[in-house]
Amino acid sequence: MLSTDFVPGAPNWLDLGAPDTDAAVSFYSAVFGWQFQSAGPEGGGYGFFVQDDKTVAGLGPLTEENASSAWTLYFHTADADATAKAVEQAGGSVRVAPGDVFSFGRMGQFSDPAGADFAVWQPADTKGVDLVNAPNSLTWAELYTTDAAAAKDFYRAVFSWQLTDMEMGPDMTYTVLTPAGGTEENSHGGLMQLHQDNLDAGSGPEWHPYFEVADCDAVFAKAVAAGGKALIPAMDAPGIGRMAMLTDPAGAPFAIIKSEQPPAS
């Protein structure tokens with residue numbers, strides 16, 4: 001489970017790169033009830049999605065040539081420069097070299113060997129998002145990859161994640177991701193192999209954020225009504241919760257989940 005007591009390797013920030021930030025604010029406000037706060041004239045159009053005065057994510061214009069709208073997940077690091085070296089040594093690439101973001105922290109953006117983009121955040125004044133696991137906030141991070149075995153080796157080398165394979169069927173393995181030294185209760189994400197039908201449908205290696213919601217069906221309906229596209233309609237995942245996957249109107253994929261609560265002891 002995610003926590004705002006961020007430990008190395010755990011997700012501590014996420015942001016959306018959008019071709020039209022005003023349209024993105026309109027969509028996510030309709031879906032989650034978020035408000036938007038600009039970072040000011042020095043922010044280059046960047047700002048923050050806020051819920052109950054707590055930051056839940058960032059939003060900014062696309063800055064890379066030919067970039068597609070997407071959510072980027074950031075993982076906690078104590079040394080962004082050392083992580084950049086680890087990424088290159090493990091076969092990944094540096095898209096944006098580590099650099100300071102005013103006094104807030106230090107960030108770097110990378111791609112893993114299969115091409116999935118991710119980032120790291122080395123906290124200074126800003127430790128990370130203010131809210132996780134509550135309705136309309138980040139609760140899980142999931143990687144879809146064309147080479148699960150290589151992805152496991154890469155992320156283990158970069159973040160020292162603990163990896164636990166779970167057989168989900170005759171031809172499907174789900175790998176649960178946990179920060180180094182953590183337990184199952186500290187798990188923050190999962191990793192799955194993309195199958196040929198996913199590739200034929202245009203899917204590629206990428207990280208998806210999952211947002212906790214109070215009512216999966218209601219939020220799914222809001223998202224579709226606001227112009228989102230359904231990838232996986234609301235469905236029950238036994239022992240996990242009720243979930244759905246969509247893209248926003250600009251094509252950025254994300255998922256929602258009403259997590260199944262553990263039975264009372």
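No experiment lies behind these values; they were computed from the predicted model shown.
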- Query: Under a 4.5 Å cut-off applied to non-hydrogen side-chain atoms, are Phe211 and Trp71 in contact?
  - Reply: yes
- Query: If Ile, Leu, Val, Met, Phe, Trp and Tyr residues are connected whenever their side-chain heavy atoms lie under 4.5 Å apart, and connections chain through other members, are Leu138 and Met243 in the same group?
  - Reply: no
- Contacts of Thr72 meeting side-chain contact (heavy atoms from CB on, under 4.5 Å) (sequence neighbours excluded), chain-then-number -> Asp15, Tyr74, Ala119
- Query: Same cluster for Leu14 and Trp34 if Ile/Leu/Val/Met/Phe/Trp/Tyr side chains link at under 4.5 Å?
  - Reply: yes
- Message: A side-chain contact here means heavy atoms from C-beta on lying under 4.5 Å apart; do Lys127 and Asn12 qualify?
- Response: no
- Query: Pick from Phe48, Phe36, Phe49: which one makes a ring pair (Phe, Tyr, Trp, His ring centres under 6.0 Å) with Tyr28?
  - Reply: Phe49
- Item | For the student: nearest non-hydrogen atoms of Asn133 and Leu2, plus distance | ND2-O, 2.5 Å
- Mind checking the OG-CE spacing from Ser187 to Met1? Nearest 0.5 Å is all I need. 10.5 Å
- Locate the shortest heavy-atom distance separating Ala114 from Thr146; write the atom from each residue and the value. CB-OG1, 3.7 Å
- Message: Would you compute the distance between atom CD of Gln35 and atom CG of Asp53 and round it to the nearest 0.5 angstrom?
- Response: 7.5 Å
- Message: Could you tell me if the side chain of Phe118 sits less than 4.5 Å from the side chain of Phe159, heavy atoms only?
- Response: yes
- Close side-chain approach of Ser137 and Val129, heavy atoms under 4.5 Å: no
- Lys/Arg-Asp/Glu bridge criterion (N-O < 4.0 Å) met for Asp215, Lys258: no
- Would Ile256 end up clustered with Leu131 when hydrophobic side chains under 4.5 Å apart are linked, directly or stepwise? yes
- Have a look at Trp207 and tell me which of Phe254, Tyr155, Phe110 forms a ring pair (Phe, Tyr, Trp, His ring centres under 6.0 Å) with it. Tyr155
- Message: Any heavy-atom pair between the side chains of Leu194 and Thr145 that's under 4.5 Å?
- Response: no
- Using the rule that two of Ile, Leu, Val, Met, Phe, Trp, Tyr join whenever any of their side-chain heavy atoms come within less than 4.5 Å, decide whether Tyr46 and Phe102 are in one cluster. yes
- Close side-chain approach of Leu163 to Val176, heavy-atom, < 4.5 Å: no
- Message: Exactly one of Tyr210, Trp140, Trp161 should register a ring pair (Phe, Tyr, Trp, His ring centres under 6.0 Å) with His188. Which one does?
- Response: Trp161
- Look at Asp248 together with Lys229 and state whether they make a salt bridge at an N to O cut-off of under 4.0 Å. no
- Member of Leu191, Thr175, Leu73 meeting the side chain to side chain contact (heavy atoms under 4.5 Å, CB included) criterion with Leu143: Leu191
- Item | Student check: side-chain heavy atoms of Pro253 and Met245 closer than 4.5 Å | no
